Student: 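Supplied in structure tokens, the structure appears directly below.
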Amino acid sequence: MQFPGAHILSVEQFDRADIERIFAVADSMEPYALRRRVTRVLEGAILGNMFFEPSTRTRVSFGCAFNLLGGEVRETTGFKSSAIAKGESLYDTARVLSGYSDVICMRHPEEGSVAEFASASRVPVVNGGDGANEHPSQALLDLYTIQKEVRAKGGSMDSLRIAMIGDLKYGRTVHSLSKLLALYDRVEVALVSPQELAMPEKYVETLRAAGHKVTVSSELSQSISSVDIVYSTRIQEERFASKAEADLYRGRFRLNQAIYTQFCQPNTVIMHPLPRDSRADANELDTDLNQNPNLAIFRQTDNGILVRMALFAMILDVVDQVDKHARDVNWYHNRDLNELG
Amino acid sequence: MQFPGAHILSVEQFDRADIERIFAVADSMEPYALRRRVTRVLEGAILGNMFFEPSTRTRVSFGCAFNLLGGEVRETTGFKSSAIAKGESLYDTARVLSGYSDVICMRHPEEGSVAEFASASRVPVVNGGDGANEHPSQALLDLYTIQKEVRAKGGSMDSLRIAMIGDLKYGRTVHSLSKLLALYDRVEVALVSPQELAMPEKYVETLRAAGHKVTVSSELSQSISSVDIVYSTRIQEERFASKAEADLYRGRFRLNQAIYTQFCQPNTVIMHPLPRDSRADANELDTDLNQNPNLAIFRQTDNGILVRMALFAMILDVVDQVDKHARDVNWYHNRDLNELG
Amino acid sequence: MQFPGAHILSVEQFDRADIERIFAVADSMEPYALRRRVTRVLEGAILGNMFFEPSTRTRVSFGCAFNLLGGEVRETTGFKSSAIAKGESLYDTARVLSGYSDVICMRHPEEGSVAEFASASRVPVVNGGDGANEHPSQALLDLYTIQKEVRAKGGSMDSLRIAMIGDLKYGRTVHSLSKLLALYDRVEVALVSPQELAMPEKYVETLRAAGHKVTVSSELSQSISSVDIVYSTRIQEERFASKAEADLYRGRFRLNQAIYTQFCQPNTVIMHPLPRDSRADANELDTDLNQNPNLAIFRQTDNGILVRMALFAMILDVVDQVDKHARDVNWYHNRDLNELG
């Protein structure tokens, strides 16, 4: 696809070459995200960060990514804009807001709303999540993390083995990830969930049509025993008839250090889209995994900055100019992303 | 008036020469709003964007205008500040906040509150709307749009013919616009509303005292048949005794493409302060007008950026320096303000 | 203490030499806060301004201080982040958010929460207030104001005489101030409150252990008759059994111009942490004091900018570079901090 001026609405826009270009640009953003260098390539540009549904970290991540390229951010965080409450259409909202900024990131609770907004926008729009539908930058950062993690261990995206665990029915991230994995070769996918929360058939089909080996099960221990990546997801209590039933399910799909040690191969990478529910009766990834160096969940959010910087730089066509407008950092920084402060 | 250091509280501050200076500066801001050039003339300056009543687009428009001049924006979006809730006076709030930024834009639900705030502020204050009272930058962008639109068609502000339609009793924008139109010569004003929502007599008097020809009617079709500008406003349901009554009125003052074609002269410009209620049973301007090139409603909000940039540049006395601190844009832009993305 | 890379969590971190270094750096920030000069020393750096409890002025003050050093600010203002509402731990929140910015300012309603957050953060964290516990930048700006005011009158921090008035039991600011005053010599402290709201014994002990003379009383007039500083605090109605009882107490601890003239020595400085309750039946500092040049309450908030700039510059280790990246202001400014606009 052509990136300059493009909307980023769905992972279905990308072919494998597009993905690889995004990831190469993301790699090149690392000196800036690690604060070894600062660039002002987008000085004077404005991101309209329009969150019509709250999501603190996604909003802040997009905003920081734009700031790190030297641009400014104007944003809204309200559930609904006052105008929308007065009956304004998405068409009108888009026509107005796109007169203000150079690119818009939009999150909205309704499926399809961001695409509708984009069709009336006069500047590129990035989908920051539209209900159960799409959240493409999340899917990209997940895939980017998988690639980085498996390569660091000498593996490859082709021949990847991954287990997806938890609520595969409603989990937007595992659906998008499945679509993206279909772009690669010889992937083995273990789908592990309660039967009621199984991966929808269309995504299973997408994976199989790509020639991938897909296994479906409700058994955690076996499924995680021979994979490179365990991708765990949140199981939301409201999906179940009762709290007791929810607790039963959560217990069966919870990963902790003891289970990891007993069943996983060494170096199996643990991922999660976050937030992770850390309450005692609910955590799908136990906090006793926090010291496990293969817990990649915070490397995922760190990678989100790189991926979002890459998308902005590509959409606004400044990839080749980032380094030209750069200098070394002149303030204190000790950013070892794996160390606590 | 002297702009450097001045508060902008009411359209009554301006004489015609002031207006013409603001509009000339607004014209000069176009290369920046269109992203052909970037300036950092206000680099290091801070706008305190204090919205004690929500208004997403006004807030974002002021913030973007300040960013486009190179300044930073700090803001609040809460209905009430936590301090005000604890009984703090506007005097105290103003004394505190004016120690933080270089200029303040304030919106507040109570009439007169912004002037009270300004009298205690140590930096210039721009009224971003104080209840039913004033919203001067909205009035200026309306008038600026009228001037641009009629000039583009070879017309002139003197001898302008305009119809104002809808709720003329409570509509703050038509009151302010009337005051501004009184600064011009030989304007013909058709006031079209249900009798219950007629323009208050004092504004009619203001227009007549300026020598303007004012007609008052409840008949849409005739009133719009020989004007340069149709300025439509929202009719709020809560003004009526019942929904049925509101629907009746709305039906009579609704403009759509068929009515436009039948009654308006070609090139009659359609304006609206937005938001426009696009719900099927409520829209005062039908969405079938969206393809009509004379629908100027989004040019109005675009012009809001220019007018707000002009006000900031004049108040902070940097009009002559904007171009000196400018460079060409180095990122992708394809901002034809009339085209969809 | 070593400032570069340090968390600022409590006033107990500081010894007297630390305080004096902070105040010397704060003094050097004055040309920037007064808008005589602009610096871009922190250009490219990002402050994560994370307010999980609303506090408009503290949030805006921190944000402006960071902007004045040339940095960018990304923030959240919600009571709770959406992630925390889903059961996310402070550990996870900290690990995620500290990947986004260069320094974090955090406010949170729960005591100890900011320290817990900081222990998991990969970047320095400044405590912007954690419940009844600590708000170190407020304590520093209070002490900095005291030093400035007494020095301007030829006095000295050692041998300072101060009265603290009002709710000394629950008032976080007077507790922190007491800890800081213990770092100085020969201070005389008059504690004036209803018995039910007396200063907790441990803070009285801290002051006495430093060799200070402490008097405890419920009598306003005598206590304020021979001091350099009157530090008044808010008495919250909810501390009392009934409104009548609260009114009784407020009446006894209220300071106005008549009482000031009758009992205070000339030049006694009046301070208050703000917000001050200006409602007629509640104001602890009457508005008739507003014209009194010794009312230092707005100089306090002005000084907050200087102190917060100093903390950021020291934590990020750019104190020596601020002037190197500076230039004169090129926009209108008439910032006499004692004059109304």
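Computed from a predicted structure; not experimentally measured. Proteins get letters first, then strands, A, B, ... in listed order; numbering begins at 1 in each.
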Student: Side chains of C/D102 and A/Y332, heavy atoms from C-beta outward: is any pair under 4.5 Å?
Tutor: no
Student: Hey, what do you get for CG (A/N330) to CG (C/D320), rounding to the nearest 0.5 Å?
Tutor: 12.0 Å
Student: A side-chain contact here means heavy atoms from C-beta on lying under 4.5 Å apart; do A/V60 and C/M50 qualify?
Tutor: yes
Student: Quick one: are A/N67 and C/R74 in side-chain contact, heavy atoms under 4.5 Å?
Tutor: yes
Student: Return the minimal non-hydrogen interatomic distance between C/E43 and A/R327, and the atom names on each side.
Tutor: O-NH2, 2.6 Å
Student: Testing the 3.5 Å rule here: is there a donor-acceptor pair between the side chains of C/T76 and A/R59?
Tutor: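 Indeed, the side chains of C/T76 and A/R59 share at least one donor-acceptor pair under 3.5 Å.
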Student: Report which part of C/V318 has an atom under 4.5 Å of a heavy atom belonging to chain A: side chain, backbone, both, or neither.
Tutor: side chain
Student: Any non-hydrogen side-chain atom of A/R35 less than 4.5 Å from a side-chain atom of C/I46?
Tutor: yes
Student: Quick one: which of A/A65, A/C64, A/G304 has the most heavy-atom pairs under 4.5 Å with chain C, could you say?
Tutor: A/C64
Student: How long is the gap from OG on C/S89 to CG on A/D277, to the nearest 0.5 Å?
Tutor: 9.5 Å
Student: As an exercise, state the distance from CG of C/L97 to OG1 of A/T301, rounded to the nearest 0.5 Å.
Tutor: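 Those atoms lie 8.5 Å apart.
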Student: At a heavy-atom separation under 4.5 Å, does A/R37 approach chain C through its side chain, its backbone, both, or neither?
Tutor: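 Answer is neither: A/R37 stays 4.5 Å or more from chain C.
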Student: State the CG-OG distance between A/L68 and C/S101, to the nearest 0.5 angstrom.
Tutor: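 Rounded to the nearest 0.5 Å, the CG-OG separation comes to 9.5 Å.
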Student: Side-chain contact, heavy-atom cut-off 4.5 Å: C/Y100 with A/R57?
Tutor: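 Yes, side chains in contact.
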Student: Given that the side chain runs from C-beta out, which part of C/V125 has a heavy atom under 4.5 Å from chain A: side chain, backbone, both or neither?
Tutor: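 For C/V125, there is no contact with chain A at all, as no heavy atom is under 4.5 Å.
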Student: Kindly give the heavy-atom pair with the smallest separation between A/W331 and C/L42, and that separation in Å.
Tutor: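 Shortest heavy-atom separation between A/W331 and C/L42 comes out as CB-CD2, 3.8 Å.
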Student: Counting only heavy atoms closer than 4.5 Å, note whether C/E75 contacts chain A via side chain, backbone, both or neither.
Tutor: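 Just its backbone gets close to chain A.
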Student: Using a strict cut-off of less than 4.0 Å between a Lys/Arg side-chain nitrogen and an Asp/Glu carboxylate oxygen, indicate whether A/D302 and C/R122 qualify as a salt bridge.
Tutor: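 Yes, A/D302 and C/R122 are salt-bridged.
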Student: Could you look at A/N49 and say if it's the side chain, the backbone, both or neither that has a heavy atom under 4.5 Å from chain C?
Tutor: neither
Student: Could you check whether any side-chain heavy atom of C/Y91 comes within less than 4.5 Å of a side-chain heavy atom of A/T287, counting everything from C-beta outward?
Tutor: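 No, their side chains stay 4.5 Å or more apart.
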Student: Report which part of A/L69 has an atom under 4.5 Å of a heavy atom belonging to chain C: side chain, backbone, both, or neither.
Tutor: neither
Student: Heavy-atom pairs under 4.5 Å with chain A - which of C/V96, C/V41, C/D317 has more of them than the others?
Tutor: C/V96
